[in-house]
Amino acid sequence: MLFMTRMDVTFPPHLTPEQVADFQAREKEYSGSLQRSGKMAGIWRIVGEYANHSLFDVDSNDELHEILSGFPMYPYMKIKVTPLAKHPNSIR
Ligand SMILES: O=C(O)CC1=CCC(=O)O1
C-alpha cells in the first residue's frame with residue numbers, strides 16, 4: 001500500500017540548539033533505516049519550508065501509523081497522510 005505524507009516540523013522554543021541537533025541526528029538514523037528497508041520509498045524537502053513529502057510502501061494503515069509515530073520528531077510534527085491508488089494513465 002502506498003502513502004504520500006507531508007510532515008511539517010515545529011520545534012518548541014524551549015529546546016536548546018543541542019537538543020534540536022540530537023533530534024535531527026536520531027531522525028536521520030531512523031529515517032535511513034526505513035529507507036534501507038524499503039518501507040520509506042523516498043523523502044523530499046519542500047523548498048523553503050522545514051517540511052517534507054515522503055512516500056511510504058507498507059502493508060497496512062496500522063503499520064504506517066506505527067512507523068510515523070516512531071519518528072523521534074513525531075511530537076513536533078504535523079503529519080498529513082494521503083493514500084495512493086493506481087492511476088489509469090500510469091505507464092508504470
Ligand atoms: O523533514 C525533516 O527534516 C524532518 C524529517 C522527518 C522524517 C525525516 O527523515 O526528516
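In listed order, ligands and their atoms are each counted from 1.
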Checklist line | Close side-chain approach of L68 to V81, heavy-atom, < 4.5 Å | finding: yes
Margin query: Give the atom numbers and elements of ligand 1 that come within less than 4.0 Å of a heavy atom of S31.
Written below: 8 (C), 9 (O)
Check: So, are R6 and E49 salt-bridged, with charged N and O less than 4.0 Å apart?
Finding: yes
Note to self: Show me which atoms of ligand 1 lie under 4.0 Å from any heavy atom of V9.
What the structure shows: 4 (C)
Note to self: Is Y30 close enough to touch ligand 1? Criterion: a residue heavy atom under 4.0 Å from a ligand atom.
What the structure shows: no
Notebook entry, point to check: How far is atom 8 (C) of ligand 1 from its nearest protein heavy atom, and which residue and atom name does that atom have?
Noted result: I43 CD1, 3.5 Å
Next item on the list: Please tell me if the side chains of Y76 and T10 come closer than 4.5 Å, counting only heavy atoms from C-beta onward.
Entry: no
Next item on the list: Give me the ring orientation class for F11 and F23: parallel if the planes are under 30° apart, tilted from 30 to 60°, perpendicular past 60°.
Entry: tilted
Check: Which of the numbered atoms in ligand 1 are below 4.0 angstrom from a heavy atom of E27?
Finding: 5 (C), 6 (C), 7 (C), 8 (C), 10 (O)
Next item on the list: Check each atom of ligand 1 against the heavy atoms of M7 and keep those under 4.0 Å away; list them by number with element.
Entry: 6 (C), 7 (C)
Item checked: Check: F3 and L84 side chains under 4.5 Å, non-hydrogen atoms -> no
Next item on the list: Report the part of R45 in contact with ligand 1, treating N, CA, C, O as backbone and CB onward as side chain, heavy atoms under 4.0 Å; options are side chain, backbone, both, neither.
Entry: side chain
Checklist line | Sub-4.0 Å atoms of ligand 1 with respect to non-hydrogen atoms of N52 | finding: 1 (O), 2 (C), 4 (C), 5 (C), 6 (C)
Notebook entry, point to check: With respect to D22, which candidate in R26, E18, Q24, Q19 satisfies the side chain to side chain contact (heavy atoms under 4.5 Å, CB included) definition?
Noted result: R26
